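Below is one structure, written out as C-alpha cells; comments come after it.
All of these numbers come straight from a predicted model, not from anything done at the bench. Labels below follow one simple rule: chain letters A, B, ... track the order of the sequence lines, proteins then strands, and each chain is numbered from 1.
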Amino acid sequence: MSDATKKRKRSSESPAAPAPAPAPAANPYLAHMQADGPARAVPAGPGALKFRETTVKQAEDLEEGSTNPFTGEAFSEQYRRILKQRRNLPVHKQREEFLKLMHKNQVLVLVGETGSGKTTQIPQFLVYDEQPQQTGMMIACTQPRRVAAMSVAKRVADEMDVKLGQQVGYSIRFEDCTSQSTLLKYMTDGMLLREAMIDPQLSRYSTIILDEAHERTLATDILMGLIKRICRSRPDLKVVVMSATLDAEKFQKYFDNAPLMVVPGRKFPVEIYYTPEPERDYLEASIRTVLQIHTCEDPGDILLFLTGEEEIEEACRKIKAEADALAASAPSQVGDVKVVPLYSSLPPAQQQRIFEDAPPARPGRPAGRKIVVSTNIAETSLTIDGIVYVIDPGFSKQNVYNPRIRVSSLLVSPISKASAQQRAGRAGRTRPGKCFRLYTEKAFMKDLQEQTYPEILRSELGSIVLQLKKLKVDDLVHFDFMDAPAPETMMRALEQLNYLGALDDEGDLTKLGEIMAEFPLEPQLSKMVITSPRFKCSNEMVSIIAMLSAPNPFMRPNDQRKQADAAKSQFDDAQGDHLTLLHVYNAFVENEESPKWCFNNYLNARVLKGAVNIRRQLVRLMNRLNLPMVSPDAPDGPNYDRAIRKALTAGNFMHVAHLEKNGLYLTSKDNQVVMLHPSCCLASKPEWVTYHEYVLTKKNYVRTCTAISPEWLLELAPEYYDLDNFPECESKRVLKRLQAKRQSGRK
DNA sequence: GAGCACTGC
C-alpha cells in the first residue's frame with residue numbers, strides 16, 4: 001500500500017527509449033494531465049513506436065528481435081520457445097482486432113473462455129502498445145485471488161524474459177513484489193481498491209484490466225463503479241473488463257455500450273447428462289454415481305462437488321468402503337480407487353494430494369481411478385488436470401446477509417446456471433469429458449437462476465460504506481453500482497457507522513472514521529483497535545484482533561477430540577474467548593512460533609503464523625497513525641483483563657447478549673434468542689456477554705464470547721443504549737435501574 | 001454440546 005506513495009522515477013535505461021522521458025512532467029503521476037493529450041509521441045527509436053498507435057507488425061518485430069526492448073539484454077532460448085507457444089494461443093489471432101478496439105475506445109469488454117490466453121497475453125499486448133517505460137505509467141491487471149496474481153505474474157515474467165518483480169511484478173497483501181522498473185503489475189482487486197484510497201484517480205496506471213469480472217467480487221464491483229467515474233475525468237485512462245462467461249452484455253451496458261471482443265477458448269467437449277427424475281438425497285445419489293462411473297466408464301479421474309467439510313469426509317469414507325468392497329468381489333473388473341477430499345481448511349500438504357496420480361493398474365485388473373470430493377474451491381480457485389468425469393449435485397453453501405436481524409448465515413442453496421457450466425467445464429481440460437448433473441434438465445432450465453448473486457447483494461456493507469466515504473463517494477444512494485445493494489442493507493451500514501462514531505449525523509466521515517478506514521478490518525474491530533490506547537491495552541488488542549481476523553486456530557481431529565479439547569483448555573480464560581485467543585497468541589510467540597509446539601497443542605501453526613503477519617501489519621498502521629502501543633501497568637493485576645474487555649466493548653457494543661431469567665440469552669435491541677456456542681470457554685453464564693459473531697446453524701449461536709459489565713455499555717455507547725429508544729425487554733429494565741443508580745451517584 | 005462455502009484489505 002505504501003508503495004503507492006513512493007515517488008516513481010523512470011530512467012531511460014531501456015535501449016528502445018534512449019531519449020529522456022517525452023513530457024517535461026516533473027511528477028510522473030500527473031503525466032496524463034499534460035496538455036499534449038494522451039497520444040504523446042514516443043521518441044523515435046528502433047521501430048519508432050507511437051503511444052497507442054502501434055501495429056501488430058511492430059510488436060512482432062520487437063518480440064522476434066534479438067534484444068529484449070525492456071531490459072536491453074539478449075532474448076534467451078527459453079523465451080523463444082515460449083514465444084512459439086504463445087503465438088498458438090487463440091487470443092493471438094485477434095491481436096490486431098484488439099489493438100484497433102483499444103485505440104478507438106476507452107473501455108473494452110473482452111470475453112475469453114478458459115484456454116484463450118487472455119490473462120497472460122492481453123496485458124503484454126498493451127505493454128508493447130503503450131511502452132510504459134516511456135510514459136511512466138503502469139498497466140494493472142487485477143485478480144480476485146492472491147495465488148492467481150502471483151502465479152500469473154511469474155508466468156508472464158518468464159514470457160517476457162524478465163525477472164519477476166522487475167518489469168513484471170505483483171502486489172498482494174503482505175507482499176509487494178514490484179520495483180521502480182515495473183511496467184506491468186498483477187494484483188488482487190482488493191489491493192487496487194486500497195490504492196485508490198491513496199490515489200483516487202489511480203493516476204499511476206494508464207490502463208486497468210479487471211480480470212475475472214464475472215466473479216463479481218465485492219472489490220471488483222466497487223472498482224467498476226470507481227473506474228467508471230474516473231473515466232470521465234481521465235479520458236486517457238483505458239479499461240479492459242475481462243470475463244469468462246457470455247454474460248458480457250451486462251458489462252457492456254454498464255460501461256456505456258462498450259464494444260465487445262470474443263475470444264474462443266481451447267477446451268474439449270463435455271457431454272452433459274441429467275437425471276430423469278429429481279433426486280431425493282443428493283449425497284446418496286452422488287455416491288451411487290461415483291461407483292457407477294467407476295465400474296462402467298473408461299479410465300479417467302472423477303470430481304464430485306459437495307457443500308462442506310463434514311459432508312465431504314462422510315462421502316469419502318463411504319465411497320472408499322464401497323469401492324473396496326466392489327473390487328474385492330470382482331477383482332478382474334474393478335480397479336483401485338484413491339479418494340481425496342478437498343476444502344480450504346485442509347492443510348496445504350493434504351490439499352496437494354489432489355495432484356497425485358491415480359493408483360496404477362495391478363496385473364490383470366482395470367486401471368485405478370482418482371476421485372476428488374471437493375467444495376466450490378475446485379470450481380474457481382483450484383484446477384485439477386486429468387479430470388474426465390464431473391458429478392454436480394447442484395448445491396453449494398452461500399453466505400447470505402439478513403439486514404433485518406443483522407445476521408449473516410451460511411445456507412445450502414441451489415447453484416446458478418453459470419456455476420453449473422463452470423463445474424461441467426472442469427471435465428474437459430485435458431480431453432473430452434462427461435458431466436453428470438443430479439437434477440433434471442427441466443430443473444436446470446427453469447429453476448436455476450442465470451448467475452450467482454453478486455457478493456455485494458449478499459454482504460454486510462459496513463466496511464464497504466466506510467471505504468466509499470473515504471473515497472469521497474458521498475452520495476451512496478446515487479453511486480453507480482452495477483447492482484445496487486438493498487436500501488435496507490445500506491441503511492444498516494450507515495446506522496452502524498454512525499453508532500461507531502465513524503460518520504456524523506449528516507453521514508459525513510468523522511476524524512475517527514478517516515482513521516478507521518485505514519485499517520483492513522471490519523469497522524467494529526477498527527474501532528476497538530483505535531480506542532485501545534485509551535484503555536492502555538493496544539498491544540493486547542492488536543493481538544486479539546489479529547487472531548479474530550485469522551481462521552480458527554484450534555485443531556480437532558475426529559479421533560482425538562478429547563485430547564484436543566484438553567489442550568485447548570490450557571489457554572482458557574475465565575473471562576472469555578477473546579482473552580483465550582490472546583493467551584494462545586502469546587504462547588505461540590513465547591514458544592518461538594514452533595510448529596512442533598503447535599502440533600503438540602492441537603494448534604494450527606499456519607493459521608497462527610498468519611495472525612503474526614496480520615498483527616505486524618496492524619502495528620505498522622498504528623505507528624503510522626501515531627496510535628501508541630501500550631500495555632496495562634500491572635499485567636497480573638485485576639485490571640488487566642478489565643481494560644481489555646472494556647476496549648472490546650467500545651467497538652463491539654452492538655454485539656451484546658443478555659442472560660434472561662429463563663436461562664437464555666437475548667441479543668441487545670434485536671432480541672434474538674441465542675446460545676453460547678459449545679466451543680465457548682465460559683464455564684458459568686455471565687449476565688452480559690459481547691460476542692464476535694452470530695452463526696445460524698441448527699440453532700442460533702453466538703461465537704467467541706467474553707463477559708462484560710453493563711455499565712460500560714451506558715458509558716461507551718450512550719447513543720446505542722439510549723433507553724428512551726429501546727425495545728421493551730428484561731435487559732432494558734436492568735439498564736434502566738443501572739442508569740438511575742449512576743445518576744443518583746453523580747448527584 | 002457443535003462447526004467452517006470461498007475470497008480479499
Looking only at N and O atoms, is any donor in the side chain of A/Arg145 or the base of B/dG8 less than 3.5 Å from an acceptor on the other one? no
message: Quick check: any donor-acceptor pair below 3.5 Å linking the side-chain of A/Arg556 to the base of B/dA2?
response: yes
Residues passing the side-chain contact (heavy atoms from CB on, under 4.5 Å) test with A/Ser463, sequence neighbours excluded, are A/Glu522, A/Pro523
Within less than 4.0 Å of OP1 or OP2 of B/dC6, is there a side-chain N or O belonging to A/Ser344? yes
By nearest atom, which of the nucleotides [options] is closest to the [X] side chain?
| X | options | value |
| --- | --- | --- |
| A/Tyr701 | B/dG1, B/dA5, B/dC9 | B/dG1 |
| A/Arg146 | B/dA2, B/dG8, B/dA5 | B/dG8 |
| A/Pro678 | B/dG3, B/dC9, B/dG1 | B/dG1 |
| A/Met191 | B/dA2, B/dG3, B/dC9 | B/dC9 |
| A/Thr188 | B/dC6, B/dC9, B/dA2 | B/dC9 |
| A/Lys397 | B/dA5, B/dA2, B/dG8 | B/dA5 |
| A/Ile377 | B/dA5, B/dA2, B/dC6 | B/dC6 |
| A/Arg194 | B/dG8, B/dC9, B/dC6 | B/dC9 |

- Would you say the side-chain atoms of A/Lys527 pair up with the backbone N or O of A/Leu500, donor to acceptor, closer than 3.5 Å? yes
Legend entry - Donor-acceptor contact present, side-chain A/Gln449 to main-chain A/Gln451, <3.5 Å: yes
Residue pair A/His677/A/Leu342 against DNA chain B: nearer the 5' end by closest nucleotide is A/His677
5'-most contact on DNA chain B (nearest-nucleotide basis), A/Ser679 vs A/Asn376, goes to A/Ser679
Interatomic distance where [atom1] belongs to [X] and [atom2] belongs to [N] [whole Å]:
| X | N | atom1 | atom2 | value |
| --- | --- | --- | --- | --- |
| A/Ile198 | B/dC9 | CD1 | C1' | 11 Å |
| A/Ile172 | B/dG8 | CD1 | P | 8 Å |
| A/Lys685 | B/dG1 | NZ | P | 10 Å |
| A/Phe395 | B/dC6 | CZ | P | 18 Å |
| A/Asn399 | B/dA5 | CG | C1' | 8 Å |
| A/Ile312 | B/dG3 | CD1 | P | 16 Å |
| A/Tyr343 | B/dT7 | OH | P | 14 Å |
| A/Met555 | B/dA2 | CE | P | 22 Å |

With heavy atoms under 4.0 Å as the rule, sort [X] into base, sugar-phosphate or nothing.
| X | result |
| --- | --- |
| A/Thr217 | nothing |
| A/Arg173 | base |
| A/Leu193 | nothing |
| A/Glu309 | base |

Between the side chains of A/Tyr665 and A/Lys685, is a donor N or O closer than 3.5 angstrom to an acceptor N or O? no
Check the orientation of A/Tyr691 and A/His655. Use parallel for under 30°, tilted for 30 to 60°, and perpendicular for over 60°. parallel
*asked:* Counting neighbours of CZ on A/Phe355 that are heavy atoms of other residues, nucleotides or ligands and sit closer than 6.0 Å, is the number greater than 12?
replied: yes
